[in-house]
Amino acid sequence: MERKALSKLITWKNSKNRKPLIIEGARQVGKTWLMKEFGNICFEKSVYINFENNSRLRNIFEQDFDLKRIILLLSAETGISITPENTLIIFDEIQEAPKALSSLKYFYELAPEYAIVGAGSLLGIALHHETSFPVGKVDFLKLSPLSYREFLLANNEKALVEILDTMDPNTIQPMKSKFIERLKEYYFVGGMPEAVLTFTEENDFNKVRQVQKNLLNYYEQDFSKHAPVNQIPRLNLVWNSIPRQLSKENRKFIYGQLRTGARAKDFEIAIQWLKDCGLIHLVHNVSKPGYPLKSYEEMDSFKIYLNDIGLLCAMGDIDISSILDENKFFTEFKGAITEQYVLQELSSNCDIPVYYYSTSNSSGEIDFLTQIENRIIPIEVKAAENLQAKSLKAFHQKWQNEISVRTSLSDFRIDDWLTNIPLYEIGLIEKIVPDFNSFDSGKLKKDFINADFREEMLEGRY
């Protein structure tokens with residue numbers, strides 16, 4: 001599989017002030033594969049060390065942080081001569097060896113010539129248990145499930161990706177039906193590497209669903225094995241409530257849906273645990289679309305999404321026909337799935353913060369709010385070719401923001417205040433938005449505000 005993160009690893013390798021690198025991400029998102037593939041492509045030799053199943057390797061770091069001694073023992077254990085100029089050192093499940101994690105500080109300060117990459121599925125949990133973490137001495141890379149773009153590449157659709165990358169609506173539009181067909185497949189399959197690989201090799205949705213169910217079971221086993229005993233029932237309540245929470249018209253997380261009388265303080269640790277494991281996304285409300293958005297974040301008001309859209313469909317037992325055939329009973333949850341997709345695209349493709357906007361005295365809610373450079377961008381998500389954007393229009397009239405985005409299955413279109421970005425292009429928003437200035441008086445704006453859209457604007461359908 002081709003992963004965008006690989007190019008980031010290559011950039012890290014060639015950087016002048018390189019620090020040991022920690023790859024963050026949930027179980028089964030491909031961290032081990034990525035590290036090994038990076039070693040195969042960019043180094044002559046790789047030393048792979050998994051601390052979860054080798055106590056002798058963990059003990060190497062217990063005595064002291066004499067780096068010459070550590071390198072010598074790692075070489076002896078693996079049978080590979082470690083030379084800094086051509087060897088990648090991989091520390092997998094590094095949270096199982098706290099001293100190895102601490103050693104990264106000394107590698108950075110005393111032996112920065114060594115290229116070290118580490119990962120740990122439960123690293124976020126370990127850091128909350130007084131693990132000595134080398135603050136400021138490591139770089140980080142977040143690995144998410146495969147994005148829609150990576151899904152296309154995995155399915156040998158390189159030409160479609162090249163068309164998307166042109167960001168030229170006149171080139172993209174003729175292939176619209178193909179993009180939508182693949183998008184619906186992605187909704188079901190999601191981006192977990194094993195599920196994607198099963199789909200590409202077997203082309204069997206039933207086998208994909210079995211993979212997804214196994215992954216969900218694997219995650220729940222982690223709750224029992226690694227979470228504090230008193231938190232396990234609460235973890236299960238939060239985890240299993242997510243499809244139900246997202247099926248509401250207002251997708252704000254409601255504690256009362258977990259059990260009668262449930263309070264925030266009873267479930268804060270469970271929610272944080274799931275977040276630290278990389279299993280969920282927390283999207284907080286902001287009280288005002290001000291810059292920076294972080295300063296208006298409301299910590300007690302949030303929505304919870306899963307780490308992967310395919311797993312969300314599996315949890316909800318959504319069959320493929322409901323996604324492909326527009327089942328009328330599927331309407332409400334279809335909106336939730338589309339929001340899940342947009343959030344994943346924003347998170348995996350763009351290094352931008354994501355919030356939502358809602359007020360207690362208003363029924364109008366903006367699905368997502370983000371900032372790109374110094375611009376605040378509201379994003380309204382539509383599951384189909386829906387041209388209504390009443391909440392977005394009300395938001396624009398109140399706050400007079402420069403750019404408002406609706407993402408739907410409609411074609412790319414521009415108005416003075418409203419821009420429609422097709423769902424299959426939303427992962428490019430960080431590249432599209434900086435180009436908006438060129439649309440103000442140029443040819444592009446004339447091209448994309450076509451006669452049909454002018455008529456729609458006059459009718460007030462947007």
Side-chain angles (χ1 to χ4, degrees), residues 1-12 14 29-30 34 37-38 41-42 141-187 189-191 193 196 199-200 309 338 341-352 354 368 370 372-373 375 377 379 381 385 403 405-414 419-440 442-450:
M1 293 182 183
E2 185 173 330
R3 300 301 306 265
K4 179 181 178 181
L6 189 57
S7 64
K8 294 183 178 180
L9 285 172
I10 294 171
T11 300
W12 167 81
N14 297 326
V29 295
L34 180 66
E37 183 73 3
F38 176 51
I41 293 174
C42 297
L141 175 63
K142 181 181 178 182
L143 186 64
S144 303
L146 275 74
S147 66
Y148 174 61
R149 185 180 192 277
E150 292 172 322
F151 177 78
L152 290 176
L153 291 172
N155 283 277
N156 297 314
E157 298 282 14
K158 186 176 181 180
L160 285 182
V161 171
E162 291 174 349
I163 290 170
L164 270 185
D165 287 346
T166 67
M167 296 191 298
D168 175 14
N170 293 323
T171 303
I172 294 171
Q173 199 281 332
M175 299 301 294
K176 175 179 179 177
S177 61
K178 186 69 172 178
F179 283 120
I180 293 175
E181 176 188 340
R182 284 302 197 186
L183 181 63
K184 289 181 177 180
E185 291 173 351
Y186 179 70
Y187 282 3
V189 176
V196 174
F199 179 69
T200 59
I309 188 171
T338 311
Y341 162 75
V342 172
L343 175 62
Q344 279 186 234
E345 289 293 287
L346 295 176
S347 299
S348 62
N349 289 299
C350 310
D351 188 19
I352 53 178
V354 182
F368 298 115
T370 189
I372 299 176
E373 296 176 350
R375 291 165 161 169
I377 314 292
I379 302 173
V381 178
E385 295 196 54
I403 299 167
V405 171
R406 177 188 60 206
T407 183
S408 69
L409 292 180
S410 296
D411 297 334
F412 187 91
R413 297 170 177 177
I414 301 171
T419 297
N420 189 88
I421 300 177
L423 285 163
Y424 44 84
E425 287 185 72
I426 195 63
L428 295 168
I429 189 173
E430 199 173 20
K431 295 180 180 178
I432 294 172
V433 165
D435 289 338
F436 278 7
N437 286 337
S438 66
F439 300 154
D440 290 345
K443 177 178 179 298
L444 285 172
K445 185 173 180 180
K446 294 178 184 177
D447 285 346
F448 303 143
I449 301 183
N450 54 36

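For this chain, numbers begin at 1 and follow the sequence in order.
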Interatomic distance, L9 atom CG to C42 atom SG [nearest 0.5 angstrom]:
8.0 Å
Counterpart residues, side chain to side chain contact (heavy atoms under 4.5 Å, CB included), relative to T407 (two or more places apart):
V342, I379, V381, L423, I426
Mind listing the closest non-hydrogen atom pair of L143 and G30 along with its distance?
CD2-C, 3.5 Å
Side-chain heavy atoms of N349 within contact of E430, under 4.5 Å
no
Residues that T166 engages under side chain to side chain contact (heavy atoms under 4.5 Å, CB included), provided they are two or more places apart
D168, T171, I172
Please tell me if the side chains of V405 and F368 come closer than 4.5 Å, counting only heavy atoms from C-beta onward.
no
Residues two or more places apart in sequence or in another chain: which of them pass side chain to side chain contact (heavy atoms under 4.5 Å, CB included) with I180?
K176, K184, L409, Y424
Check A5 against L34 and note the closest heavy-atom contact, atom names and distance.
CB-CD2, 3.7 Å
Just verifying a value: how many Å separate I429 CD1 and I372 CD1, rounded to the nearest 0.5 Å?
4.5 Å
To the nearest 0.5 Å, what is the distance between CG on L183 and OH on Y186?
9.0 Å
I'd like to know whether CD of E2 has more than 12 heavy-atom contacts from other residues, nucleotides or ligands below 6.0 angstrom.
no
Taking C-beta and beyond as the side chain, do F179 and P422 meet within less than 4.5 Å on heavy atoms?
no
Indicate yes or no for a side-chain donor-acceptor contact from N420 to the backbone of S410 under 3.5 Å, with no hydrogens or angles considered.
yes
Starting at CD1 of I414, measure out to OG1 of T419 and round the result to the nearest 0.5 Å.
5.0 Å
Distance in Å, L428 CG paired with L164 CG, rounded so as to fall on 0.5 Å steps
6.0 Å
Return the CZ to CD1 distance between F412 and I421, rounded to the nearest 0.5 Å.
6.0 Å
Heavy atoms, side chains only, cut-off 4.5 Å: are S7 and T11 in contact?
no
Given 3.5 Å as the limit, does a donor-acceptor pair link the side chain of E345 with the main chain of Y148, or not?
yes
All N/O donor-acceptor pairs, side-chain side in residues 150-161, below 3.5 Å, sequence neighbours left out:
residue	atom	partner	partner atom	Å
E150	OE1	R3	NE	3.4
E150	OE1	S147	N	2.9
E150	OE2	R3	NE	3.2
E150	OE2	K4	N	2.7
N155	ND2	F151	O	2.8
E157	OE2	R182	NE	3.1
E157	OE2	R182	NH2	3.1

I'd like to know if R149 and D165 make a salt bridge, using a cut-off of under 4.0 Å between side-chain N and carboxylate O.
yes
